[in-house]
Amino acid sequence: MSNLPLVSKKSPEDFRNIQVDDISFGHGQFNVIAGPCAVESEEQLYHIAEQISDMGIPFLRGGAFKPRSSPYAFQGLQKEGLKILKQASESYQLKIVTEVLDTSLIELVYPYADILQVGARNMMNYQFLKELGKVDKPILLKRGISATIKEWLAAAEYIMLGGNEKIILCERGIRTFDSSVRNTFDLAAIALAKQMTHLPVIADPSQGTGVRSLIEPTSMAAIAVGADGLMIEVHNKPEEALSDGFQSLYLDQLRALLPKIKAQTEFSGITFNQSLSKINI
Ligand code: PEP
Ligand code: MN
């Protein structure tokens, strides 16, 4: 793939770390990112953040600006949501992963985020990708809803060409004919991307399947094919969530899943960057 010189592997063993402050991503370092689809209130986020921190998970996700299919659906708390994220992350020493929806919002979101999420709907917004190339924080780049693996890597190349080398790729399912799942979770894409690029590749089984009961099996499978991390939606009251409650784990389900994730990473010979000391195994 010499036409993508920056993101392509230079040799089969060319895997690189992305450093997020003191935490390493990729090249055998596995991390979990968890949190609600959207920040909904102070009470909701603090409750979830406290639990996530207690589970030893280093990264809290939560959308303050939400890209919704319907303009009438909850669009996120926006700046208020960012403030809640920041306060909760400081209270519980968590790093924040949150979406930036377009170029005009980079400046606003930047100080609140440790990792800037680029959503699937934006993966082909090339002008936006160029702007993200100028940012000095890691970018979590979701795969587009119908993007080929080469298009996904080309999107990463756009960011890298601008000077930002801290990119984490995220498989989040693709649109297919099958309506029994929200998206078709593309496991081979994770394995193939890892063969093509040195960048870390993580999996989002929540958007990837849209089915709560599929989060556990697809998480295990993602690790087995080489994922460097998982991003999982979780909610204190999924049935009342303002977005994606149907695919969000209950907090207890996440707690029960972590030891299984750890065991699977051990089987794969990679390091699980998380202490499970407070979790009863
Ligand atoms: C999300 O992570 O909540 C989200 C909207 O993701 P995607 O861009 O993959 O649909
Ligand atoms: Mn979501």
Side-chain angles (χ1 to χ4, degrees), residues 31-40 44-45 48 52 57 59-71 73-78 81-82 85 95-102 105 109 113-125 128-129 132 138-147 149 151-152 155-156 159 167-176 181-187 189-190 193 201-212 214-215 218-219 222 227 229-250 254:
N31 291 288
V32 176
I33 300 167
C37 179
V39 180
E40 298 170 7
Q44 172 240 22
L45 198 74
I48 296 171
I52 282 175
I57 295 173
F59 292 99
L60 173 68
R61 65 149 288 153
F65 291 87
K66 293 303 302 176
R68 305 305 299 280
S69 303
S70 166
F74 176 58
Q75 302 288 308
L77 295 181
Q78 314 205 351
L82 292 172
L85 269 173
K95 297 190 194 311
I96 294 297
V97 183
T98 197
E99 180 161 355
V100 52
L101 274 186
D102 70 28
L105 292 169
V109 176
D114 295 290
I115 299 179
L116 294 163
Q117 178 174 327
V118 176
R121 292 154 191 82
N122 260 325
M123 193 214 82
M124 287 188 175
N125 187 342
F128 180 41
L129 298 176
L132 291 164
I139 308 293
L140 180 74
L141 181 63
K142 296 278 197 106
R143 180 181 179 188
I145 287 167
S146 61
I149 296 165
E151 286 166 340
W152 186 24
I159 299 173
I167 304 162
I168 299 164
L169 297 167
C170 181
E171 159 62 26
R172 48 77 71 207
I174 48 171
R175 185 69 61 83
T176 70
V181 283
R182 184 182 187 186
N183 291 298
T184 295
F185 189 51
D186 189 357
L187 283 165
I190 299 170
V201 181
I202 70 164
D204 173 350
S206 307
Q207 330 300 321
T209 64
V211 181
R212 183 180 298 124
L214 296 179
I215 306 305
T218 48
S219 293
L230 289 166
M231 181 152 95
I232 298 176
E233 288 184 343
V234 63
H235 201 284
N236 52 329
K237 293 178 189 160
E239 51 292 322
E240 290 173 25
L242 297 180
S243 70
D244 289 355
F246 52 86
Q247 67 189 30
S248 301
L249 291 184
Y250 288 87
L254 180 61

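Sequence positions, counted from 1, serve as the residue numbers for this chain. Order of listing sets the numbers, starting from 1, for every ligand and every atom in it.
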Per-atom filter on ligand 1: closer than 4.0 angstrom to a heavy atom of E233 are 1 (C), 3 (O)
Is the side chain of R61 donor-acceptor paired with the backbone N or O of A34 at a distance under 3.5 Å, no angle test? no
Hey, which atoms in ligand 1 end up nearer than 4.0 Å to a heavy atom of C37? 3 (O)
In ligand 1, which numbered atoms sit nearer than 4.0 Å to a non-hydrogen atom of G119? 8 (O)
When you measure from atom 2 (O) of ligand 1 to every protein heavy atom, which one gives the shortest distance, and what is it? R61 NH1, 2.8 Å
Under 4.5 Å between any side-chain heavy atoms of V39 and T98, yes or no? no
Output yes when the distance from some N or O of ligand 1 to some N or O of A120 is under 3.5 Å, and no in every other case. yes
Using atom types as modelled and distance alone, determine if a side-chain donor or acceptor of D102 lies under 3.5 Å from a backbone N or O of F128. no
Give a yes or no answer on whether the side chain of N183 reaches the backbone of G208 with a donor-acceptor pair at less than 3.5 Å. no
Hey, which atoms in ligand 1 end up nearer than 4.0 Å to a heavy atom of R172? 7 (P), 9 (O), 10 (O)
Against heavy atoms of R121, which atoms of ligand 1 measure under 4.0 Å? 7 (P), 8 (O), 10 (O)
Can you tell if the side chain of F246 reaches within under 4.5 Å of the side chain of E233, non-hydrogen atoms only? no
Using only atom types and a distance under 3.5 Å, with no angle test, would you say the side chain of R68 pairs donor to acceptor with the backbone of F74? yes
Quick one: does any side-chain atom of K66 pair with a main-chain N or O of A73 as donor and acceptor, under 3.5 Å? no
Check for a donor-acceptor pair, side chain of E171 on one end and backbone N or O of A227 on the other, with a separation under 3.5 Å. no
For atom 6 (O) of ligand 1, what's the nearest protein heavy-atom neighbour? Residue, atom name and distance, please. K142 NZ, 2.8 Å
What protein heavy atom sits nearest atom 1 (C) of ligand 1, and how far away is it? Q207 NE2, 3.3 Å
Pairwise side-chain contact, L140 with M231, heavy-atom cut-off 4.5 Å (strictly under): yes
Criterion salt bridge (Lys or Arg N to Asp or Glu O under 4.0 Å) against D186, the qualifying member of R172, R143, R175: R143
Mind checking side-chain hydrogen bond (donor to acceptor under 3.5 Å, both in side chains) for Q75 and listing every partner two or more places apart, or none if nothing turns up? none
Excluding waters, which are neither shown nor counted, protein N/O/S atoms under 2.8 Å from the Mn ion (ligand 2) come to 3
Give the atom numbers and elements of ligand 1 that come within less than 4.0 Å of a heavy atom of K66. 1 (C), 3 (O), 5 (C)
